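Just so we're on the same page: letters track the sequence lines, and every chain starts at 1. Everything numeric in this text was worked out from a predicted model, so none of it was measured.
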Protein chains: 2
Amino acid sequence: MTRWSIGDLAKASGLTVRALYHYDEIGLVVASERTASGHRRYTPDDVRRLYQVRSLRQLGLSLDEIRSALSRSDSLRPIFEAQLAALTAQAHQVEALRSRLTALLDGHTTESLLSTLEMMSVYESYFTADQLTDLRSRAAAMGPEAVEALKASWLELVKQLRQHMADGTPASDPRVVELSRQWDALGAKFTGDDPAIKAAAQRSWEENKTSISTQIGWPADNGLVEYVSQARAAR
Amino acid sequence: MTRWSIGDLAKASGLTVRALYHYDEIGLVVASERTASGHRRYTPDDVRRLYQVRSLRQLGLSLDEIRSALSRSDSLRPIFEAQLAALTAQAHQVEALRSRLTALLDGHTTESLLSTLEMMSVYESYFTADQLTDLRSRAAAMGPEAVEALKASWLELVKQLRQHMADGTPASDPRVVELSRQWDALGAKFTGDDPAIKAAAQRSWEENKTSISTQIGWPADNGLVEYVSQARAAR
DNA sequence: CTTGAACCTCACGCCACGGGAGGTCCTACG
DNA sequence: CGTAGGACCTCCCGTGGCGTGAGGTTCAAG
């Protein structure tokens, strides 16, 4: 038995018959021979190629990448390096999401979860409108992790401010004033230290406050923004 | 302007017009109103919902998950927790792939990259044939990270053995014998300490050696397996 | 009134297959 | 030698979250 049927090969390799059909269709692993009636016969070379493909798939490469990797063996190393870079980037993204979710779950009540998210989302939009490119490049310069760290700090701030609001702490209270200072400091990190950009962001914020946030009638968080404004005024 | 056109909303939210069409199509964010000619008019409530959707998307939730999350706000927390668990699992997978790729790039020549992978792939198949379920459960018990650690150790072993072969070190050399011992120890970790399973795995290995690996005529690694066999005999 | 931008619907493409329909072929058993 | 049932064949639709046209209508500014 020097030729393999598709079913036997599927069992031996742990792949499905359907996957082998697919590899055949796209020309990645083609059965070199057929029986008179059209059944696939895989030669030892075909089997070898399948195992190569399988091993590369386990590294997370796409079928197209595998195809070009197998076409010239000297392209393996750059492809691996690219894949490693992609995986590293993905690891950072996943870690960023994880930290955000952890911060959310850890610090916020069930009721405030959605409105907190919504507020962050709208707040982010204030800047993506006009200075979008500027902020994107700034975010790129800081690195995604730093951006996520900022967002996590922000979540913490919102949590504490909400707590003070719920407790009825006046906005002029030193603790609240301190939090409002941190709020502005965070905003400054987003907008950078350049006063011109800061002013533009502030203008953007004020304009949009009357366009978006009042339009959608923020239920609880409109109050929060007001609260921070009052605390800021108390400085 | 208390109603938003789709283009303005796209600009404000940073999403594309096509994405908004899609959300409308699947009923996730529907424009509550239309002009006489059929142009979408988004009400403030629609806008609010869009920002909620966008914020949940940024956490990596699927549109279906978002739909159910928004249908009952009390389902947010369990969904977040599930997402956190999924992200944690994904982080482990990515990390496992990264460590494998790093081990490969770090220790192997361009020529040996593919054959090393192929060998691992075939070797793995020896066990997935008959004792597949047994090994899968064992792998599950060890956890994916432990499995990846084993594979990384294996890569290191192969690297050193290949080096000795290239240097012409005889298989009876104590260093090579030691490596062969580690090779078997690694195999034992794969197959477990149960002698019965070990024997079965050994049989499987021997049988398949004559079926698969000789069939596909391993170019360089056939020699490596031989080399290890000789070193094992020298013990 | 005209033009160009914005908007509409319809529909195919992506990626790596899963799953099913409907038919042919192989193999072991009686 | 017949037959049953498993293995195999091709064709085609579905997945998720839109991107990217095609081809037509409508809006807003000049």
Between A/T35 and A/R41, does any side-chain donor sit less than 3.5 Å from a side-chain acceptor?
no

In this structure, how many angstroms lie between the [atom2] atom of [N] and the [atom1] atom of [X], rounded?
X: B/L15; N: D/dG17; atom1: CG; atom2: C1'; result: 12 Å
X: A/H22; N: D/dT15; atom1: NE2; atom2: P; result: 18 Å
X: A/E65; N: C/dC14; atom1: CD; atom2: P; result: 17 Å

Name the closest nucleotide to the [X] side chain, picking from [options].
X: B/T16; options: D/dT10, D/dG19, C/dA16; answer: D/dG19
X: A/Y21; options: D/dT10, C/dA16, D/dC18; answer: D/dT10
X: B/A19; options: C/dA16, D/dC18, C/dC8; answer: D/dC18
X: B/R57; options: C/dC8, D/dC8, D/dC18; answer: D/dC18

Going by modelled atom types, is there a donor-acceptor pair between the base of D/dG17 and the side chain of B/R18 at under 3.5 Å?
no

With DNA chain C as reference, determine whether B/V17 or A/S62 sits nearer its 5' end, using the nearest nucleotide of each.
B/V17

Using the closest heavy atom to pick a nucleotide of DNA chain C for each, name whichever of B/G7 or B/E25 lands nearer the 5' end.
B/G7

Is B/D64 salt-bridged to B/R67, cutoff N-O under 4.0 Å?
yes

Say you draw a straight line from [atom1] of [X] to [atom2] of [Y]; how long is it, rounded to the nearest 0.5 Å?
X: A/L101; Y: B/L61; atom1: CG; atom2: CG; value: 7.5 Å
X: B/I26; Y: B/Y21; atom1: CD1; atom2: OH; value: 15.5 Å
X: B/R77; Y: A/L105; atom1: CZ; atom2: CG; value: 5.5 Å

Strictly under 3.5 Å: I want the nitrogen or oxygen pairs between protein and nucleotides 27-30 of chain D, one per line.
residue	atom	partner	partner atom	Å
D/dC27	OP1	B/S37	OG	2.6

Just to be sure I understand the rule, does A/I26 reach a base, reach only the sugar-phosphate, or reach nothing, if contact means heavy atoms closer than 4.0 Å?
nothing

Short question: side chain of [X], backbone of [Y] - any donor-acceptor pair under 3.5 Å?
X: A/Q83; Y: A/G60; result: yes
X: B/T43; Y: B/E33; result: no
X: A/S75; Y: A/S68; result: yes

Rounded to 10 degrees, the angle between the two terminal axes of the helix from C/dC1-D/dG30 to C/dG30-D/dC1, each from five pairs
20°

Nearest heavy-atom contact between B/I79 and B/E65 is CD1-O, 3.8 Å

